[in-house]
Amino acid sequence: MGLFTGKKGVIFGIANERSIAWAITQALHAEGAEMGFTHLPDKDPVRPKNENKVRKLVDPIGAKFVIPCDVQKDGDLDAAFQKTSETFGKIDFVLHSVAFAPPQDLTGPVYAASREGFKTAMDISVYSLMAMTGRARPLLNAGGSILTLTYLGGEKVIPGYNLMGLCKSALESAVEYMASELGPAGIRVNALSAGPVKTISASGVGDFKKMLTLYETFAPLRRNITEEEVGKAAMFLMSSYASGISGETLHVDSGYHIMG
Ligand code: NDP
């Protein structure tokens, strides 16, 4: 009997085996969770690269569905939660592990970001959590939870994090407001602030390699975190063991966030 035996949910944000969402999925699966998955729609449906990459990982662990969803499209989000409802009826968790900023707007200073780049980054990285939460709310059981991924660059200036820092600040604020809005229904909303992990998204962040060295040198634990550590902590936050925790941003970063 696992912590998630009989629990059901939907996962947004697996791109490949390095994705943080995949590490979290594995921790949830180990505790008995049943899950459906989404992926960014493929441009070429004859050679569905995104779908194949996700299916290779989640089919062997008994995925209940794998469907395309571009979080910028309301119709795709409607379809994803329709599928979730048809498959599971009620659910217990939603994982939001999605972020994007156009490279040309992410690599430069914040003041040079374009209006369109800002809108795209905020839409994919912040509004998507709000849009998912609104659709998930009627499906979530009391005791259910929503979890998103954030980074310290939303709280403090981290060189190279630039526009995504603004997105993460807004995301963490959205977590707090929605935790207060959904709390009366017994639903928790939290964020996990992970230390740097080598993923596709991370490769778009300037100075990422320097960040890894910085953590090894100065974090209290004097090392970088593992994806497994993020997976387990996320699973805890989404589980009944964290039933008293909502509106929280939990740092899983070898303690780096306490350093001045
Ligand atoms: P990944 O690139 O593996 O995951 C990001 C996911 O977002 C991908 O699956 C990507 O799909 C998806 N995505 C982007 N745009 C859209 C869209 N329009 N619709 C649907 N999905 C979309 O990187 P990570 O696992 O690193 O990132 C997951 C989360 O963790 C992000 O919020 C990130 O900011 C956060 N985080 C990451 C850290 C790190 O060091 N890696 C540290 C702290 C937080 P596709 O690849 O197919 O485009």
Side-chain angles (χ1 to χ4, degrees), residues 10-26 37-44 48-55 57-58 66-77 79-80 95-103 106 119-129 131-132 147-156 158 160-172 174-175 191-212 214-215 219 224-227 229-231 233-234 249-254 256-257:
V10 57
I11 305 287
F12 291 83
I14 299 182
N16 61 24
E17 71 286 351
R18 287 186 161 184
S19 296
I20 289 176
W22 173 234
I24 298 172
T25 293
Q26 290 175 88
F37 299 88
T38 70
H39 60 82
L40 196 63
D42 280 288
K43 288 190 183 110
D44 180 358
K49 278 191 197 164
N50 295 344
E51 179 180 346
N52 287 345
K53 273 195 251 170
V54 174
R55 279 199 182 277
L57 297 170
V58 303
V66 177
I67 55 165
C69 178
D70 180 345
V71 300
Q72 288 195 283
K73 296 191 175 144
D74 284 334
D76 281 17
L77 285 163
L95 175 66
H96 172 275
S97 187
V98 172
F100 177 80
L106 183 61
K119 281 188 198 167
T120 301
M122 283 285 184
D123 188 17
I124 297 179
S125 313
V126 185
Y127 181 74
S128 60
L129 177 69
M132 281 179 204
L147 183 71
T148 189
L149 270 295
T150 188
Y151 179 63
L152 186 62
E155 297 169 55
K156 294 177 181 175
I158 306 282
Y161 206 60
N162 307 345
L163 180 57
M164 193 49 69
L166 278 67
C167 293
K168 294 306 190 191
S169 282
L171 182 75
E172 290 171 26
V175 164
L192 185 153
S193 184
V197 175
K198 277 186 205 161
T199 62
I200 303 179
S201 289
S203 64
V205 174
D207 294 335
F208 181 75
K209 281 188 187 151
K210 283 189 199 158
M211 278 184 191
L212 291 173
L214 210 58
Y215 278 64
N224 280 285
I225 48 146
T226 66
E227 290 207 47
E229 287 170 327
V230 176
T249 294
L250 178 69
H251 296 87
V252 182
D253 64 353
S254 301
Y256 185 82
H257 65 284

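Residues: numbered from 1 along the sequence shown. Only heavy atoms go into these numbers, but all of them, side chains included; no hydrogens, no water, no symmetry mates. Order of appearance sets the numbers: ligands from 1, and atoms from 1 within every ligand.
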For [atom], state which one of [options] supplies the nearest heavy atom.
atom                    : options                       : value
atom 37 (C) of ligand 1 : Leu149, Ile20, Ile14          : Ile20
atom 41 (N) of ligand 1 : Ile24, Val197, Val54          : Val197
atom 6 (C) of ligand 1  : Ser97, Ala15, Cys167          : Ser97
atom 12 (C) of ligand 1 : Val98, Asn16, Leu171          : Val98
atom 34 (O) of ligand 1 : Glu227, Met164, Lys168, Lys49 : Lys168

What protein heavy atom is closest to [atom], reported as residue, atom name and distance in Å?
atom                    : result
atom 26 (O) of ligand 1 : Thr199 OG1, 2.5 Å
atom 31 (C) of ligand 1 : Ala99 CB, 3.6 Å
atom 5 (C) of ligand 1  : Ser201 OG, 3.4 Å
atom 48 (O) of ligand 1 : Leu40 CD2, 3.2 Å

* To do: Could you see which bit of Ile124 sits under 4.0 Å from ligand 1, with heavy atoms only: side chain, backbone, both or neither?
  => side chain

* Asked: Heavy-atom contacts under 4.0 Å between Cys69 and ligand 1: side chain, backbone, both, or neither?
  ->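 Just the backbone.
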
Any N or O on [X] sitting closer than 3.5 Å to an N or O of ligand 1?
X     : answer
Val71 : yes
Ser19 : yes
Gln72 : no
Gly13 : yes
Asp70 : yes

* Could I get the full list of side-chain hydrogen bond (donor to acceptor under 3.5 Å, both in side chains) partners for Asp123, not counting sequence neighbours? =>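 Checked Asp123 against side-chain hydrogen bond (donor to acceptor under 3.5 Å, both in side chains); matches are Gln72.
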
* Atom NZ of Lys156 with >12 non-hydrogen neighbours under 6.0 angstrom ->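 Yes, the 6.0 Å shell around NZ holds more than 12 heavy atoms from other groups.
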
* To do: Check each of Val126, Leu106, Asn162 against Cys167 using the side chain to side chain contact (heavy atoms under 4.5 Å, CB included) test, and report the only one that passes.
  => Val126

* **Distance in Å, Ser128 OG paired with Leu171 CG, rounded so as to fall on 0.5 Å steps** =>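 The distance works out to 7.5 Å.
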
* Please round to the nearest 0.5 Å and tell me the distance separating atom CD of Glu51 and atom CG of Asp42. =>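 Output value for this atom pair is 6.5 Å.
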
* Asked: Between the side chain of Thr38 and the main-chain N/O of Pro68, is any donor-acceptor distance below 3.5 Å?
  -> no

Side-chain donor/acceptor pairs under 3.5 Å, residues 11-24, sequence neighbours excluded:
residue, atom, partner, partner atom, Å
Asn16, OD1, Arg18, N, 2.9
Asn16, OD1, Ser19, N, 3.3
Ser19, OG, Ala15, N, 2.9
Ser19, OG, Asn16, N, 3.1
Ser19, OG, Asn16, O, 3.2

* Asked: Can a protein heavy atom be found under 4.0 Å away from atom 22 (C) of ligand 1?
  -> yes

* Asked: Which heavy atom of Val230 sits nearest a heavy atom of Ala194, and at what distance?
  ->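 The pair with the smallest heavy-atom distance is CG2-CB, 4.2 Å.
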
* Asked: Given side chains that start at C-beta, do those of Met164 and Val205 come closer than 4.5 Å, heavy atoms only?
  ->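 Not in contact.
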
* Asked: Heavy-atom distance under 4.5 Å between the side chains of Cys69 and His39, does that happen here?
  ->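 Counting from C-beta outward, Cys69 and His39 never come under 4.5 Å.
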
* Could you tell me if any non-hydrogen atom of Ser193 lies under 4.0 Å from any atom of ligand 1? => no

* Among Lys168, Glu172, His251, Glu155, which one satisfies side-chain hydrogen bond (donor to acceptor under 3.5 Å, both in side chains) with Thr150? ->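 Running side-chain hydrogen bond (donor to acceptor under 3.5 Å, both in side chains) over Lys168, Glu172, His251, Glu155 with Thr150 returns exactly one hit, Glu172.
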
